[in-house]
Amino acid sequence: MVDQVIQQIHAIESQYQHDVSVIQALEGKLETLASGPSLYNLNFLLYRNHFRTKHAAKLKIKRPRILLGLINYDVYPNFQSIGLLIYADVVSLSVPHLVQGRADRLAFDISIDDLAEAIQRLPAGFTPEYYFDPQACGASIAPKGLERLPFPSVAGVCHTFRGLHCEYLAKLFDVVAPVSSAFVPLYQSLMADKTVLSLPFGANWGSFHYSTGQYNLSKDIDLIVSFGESPRAEYGGWRDVAMQLAHDFAKQYANQYKVVFVSGVSHQEYSQLLARSKIGLNVVGFNGPYNYRSCELMNHQVALLQLDVDFGLPQMQMADYFVPGQEYIACDVGNFSETLLRYLQQPALITKIATAGRARLEREYSYEAIQRQLGAAIGQLDFTAVTAARQDAASQRPCRLAMLATSPQGHTLKHQIFAREVVEGFDETSPRAIRQLIIALPMLKQDLQRPLLEQSQQTLLRRLVCLSLLDGIETLSMLLPQHSRVLSDEWTLICWRANSGYPNIDDLQSLLFILIQSPPEAEQFPDYHNAPYPFLFSDSDMEAEEARKRLLDMPYCLVGGDRVQQKMLQRDYMVWWCQRLLDSAEPKSA
């Protein structure tokens with residue numbers, strides 16, 4: 001029925017698209033439909049959004065207008081944007097070849113385009129109230145031109161365990177919403193000139209009830225565990241602990257209760273398993289106190305059993321968002337079995353908790369509800385003050401390059417963009433530019449990026465093509481003026497030599513001694529922004545990636561704006577690399 005009405009409206013729209021009165025009449029018809037069941041029809045939501053963005057200049061009914069970042073770059077819509085379409089008119093950035101004539105998709109090549117220029121291609125009359133990237137960090141990329149937008153830019157920072165990377169990324173935006181309220185004071189201390197908002201789920205997660213499968217199935221599974229063990233630093237070993245507790249319970253009560261462990265199944269099968277479950281176990285990582293699984297369980301009317309853990313953020317509690325014992329079940333390692341057993345013996349209470357938890361999630365933590373809070377906060381901003389706090393493009397460039405260079409090793413596109421932008425702005429008289437080129441050189445030596453060097457107008461860059469990677473790094477290192485060299489310069493060169501198969505044990509031992517003995521407040525330890533150094537010494541090194549999160553990124557975030565403590569953590573990370581390379585270089589005793 002809804003699809004037939006859409007076809008009728010579309011036929012009239014196509015014939016009278018230049019007639020303002022007709023378009024406004026159709027607008028009224030669409031909003032009337034939106035007050036009924038049509039609001040839950042995806043085809044209707046997509047058509048209404050396309051209609052309203054295409055005819056933005058002709059419309060009478062006002063709704064919030066949002067320019068959405070990369071969360072829908074190559075997939076549209078997803079669960080984040082479906083809920084958003086209910087509340088606002090949305091244009092989202094898109095891979096250029098996927099636009100396919102849609103007014104609500106803005107063609108944008110993240111590798112080369114400038115957002116401040118791209119918005120000139122927005123539909124006539126569509127003036128965004130703000131640009132919103134709901135999952136900044138992760139695999140997202142802050143586009144160029146944010147500092148020149150005529151409206152605020154907002155980042156929902158999700159992967160806070162990437163501390164150093166998150167800091168530089170967040171500084172490119174006007175407004176920042178960390179994923180959990182526990183991180184709000186930390187981010188405020190990191191960036192005093194920015195607006196840091198405390199929003200549920202950091203405005204980047206929310207209820208999935210618009211995209212969750214609805215199944216009327218018998219709840220024959222007593223406990224479901226829908227995650228596996230993980231060595232990743234951001235989980236702190238707690239997934240392994242939770243899995244062991246669940247396995248011990250399943251073994252002890254095998255004859256009484258059905259416990260299911262599930263992973264790697266299809267979306268439909270996973271949804272059906274959740275619908276059959278009474279209680280679902282969850283344990284979160286450094287970002288906590290919730291994650292996607294929290295929403296998935298609650299939306300399927302499963303009573304959430306949350307294992308409380310400590311990441312040095314005592315205020316990061318699920319009880320800040322849901323009521324324990326009424327909307328979810330709280331437990332810890334010491335009382336896990338006792339708590340689970342007590343609730344399993346009260347099936348009516350389980351149902352009551354599951355029902356209340358889902359209702360609270362869908363009422364207060366839907367994408368629409370959270371976005372309304374964000375929109376209200378943005379509406380109260382003094383945009384003159386926002387623009388005054390912005391840095392100009394020249395000042396933003398080092399911060400942008402730092403954001404790209406500190407990306408995790410799996411985010412290849414970020415490193416490719418970093419290499420391109422380093423070459424484009426290279427100045428061989430600048431120590432910072434030389435250091436950035438050293439970091440970019442491994443990527444520039446790869447086939448896809450090598451033309452950037454080969455086609456350069458600068459002799460030095462073309463010369464690097466013929467040199468090996470190590471020879472190129474040593475050549476660049478020698479260009480650094482002696483008076484400007486710092487410990488991270490020596491560390492970079494010595495580590496590259498060792499990791500390339502030419503370790504010098506004396507150099508490594510000497511460097512290790514100096515690092516341990518030198519106070520971090522000394523000039524030898526500038527912060528990363530002033531003297532960047534590499535994180536990647538090989539294409540794939542998960543041990544180093546996890547060590548970086550554990551030794552540097554996660555504690556870096558926890559110390560907030562304490563720059564001395566941050567530099568101590570950078571030193572600890574350098575020490576780890578020296579010791580690792582020494583261990584692999586020294587002959588093993590028989």
key: Residues Phe183, Phe286; criterion ring pair (Phe, Tyr, Trp, His ring centres under 6.0 Å); working and verdict   = CA-CA 10 Å; Phe183 293 94; Phe286 183 75; 5.3 Å; yes
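- A donor and an acceptor atom, one from each side chain of Ser366 and Tyr210, are nowhere located under 3.5 Å apart.
- By the 30° and 60° cut-offs, the orientation of the rings of Tyr131 relative to Phe173 is parallel.
- No side-chain N or O of His529 forms a donor-acceptor pair with one of Lys171 less than 3.5 Å apart.
- Annotation for Arg105 and Val99: closest pair O-CG1, 3.7 Å, computed over non-hydrogen atoms.
- Side-chain atoms of His415 and Ser407 form no donor-acceptor pair, as typed in the model, at a separation below 3.5 Å.
- A side-chain N or O of Ser81 and one of Asn78 form a donor-acceptor pair less than 3.5 Å apart.
- Looking at Asn287 and Thr160, their side chains do bring a donor and an acceptor atom within 3.5 Å of each other.
- Outside the 6.0 Å centre-distance limit, the rings of Phe161 and Phe311 are not counted as a close aromatic pair.
- A salt bridge is defined here as a Lys NZ or Arg NE, NH1 or NH2 lying under 4.0 Å from an Asp or Glu carboxylate O, and Glu31 with Arg52 meets this definition.
- A donor and an acceptor atom, one from each side chain of Ser218 and Arg276, are nowhere located under 3.5 Å apart.
- In this structure, Tyr365 and Phe201 have tilted ring planes: the angle between them lies in the 30° to 60° band.
- No side-chain heavy atom of Asp174 sits less than 4.5 Å from a side-chain heavy atom of Leu381.
- Leu33 is not listed as a side-chain neighbour of Val2, based on a closest heavy-atom distance of 4.5 Å or more.
- Lys60 and Glu27 are not joined by a salt bridge, as no carboxylate oxygen comes within less than 4.0 angstrom of a charged side-chain nitrogen.
- The pair Glu167-Lys194 does not count as a salt bridge, with every side-chain nitrogen at least 4.0 angstrom from each carboxylate oxygen.
- Taking the six-membered ring where tryptophan is involved, the planes of Tyr321 and Tyr290 are perpendicular, since the angle between them exceeds 60° and thus also 30°.
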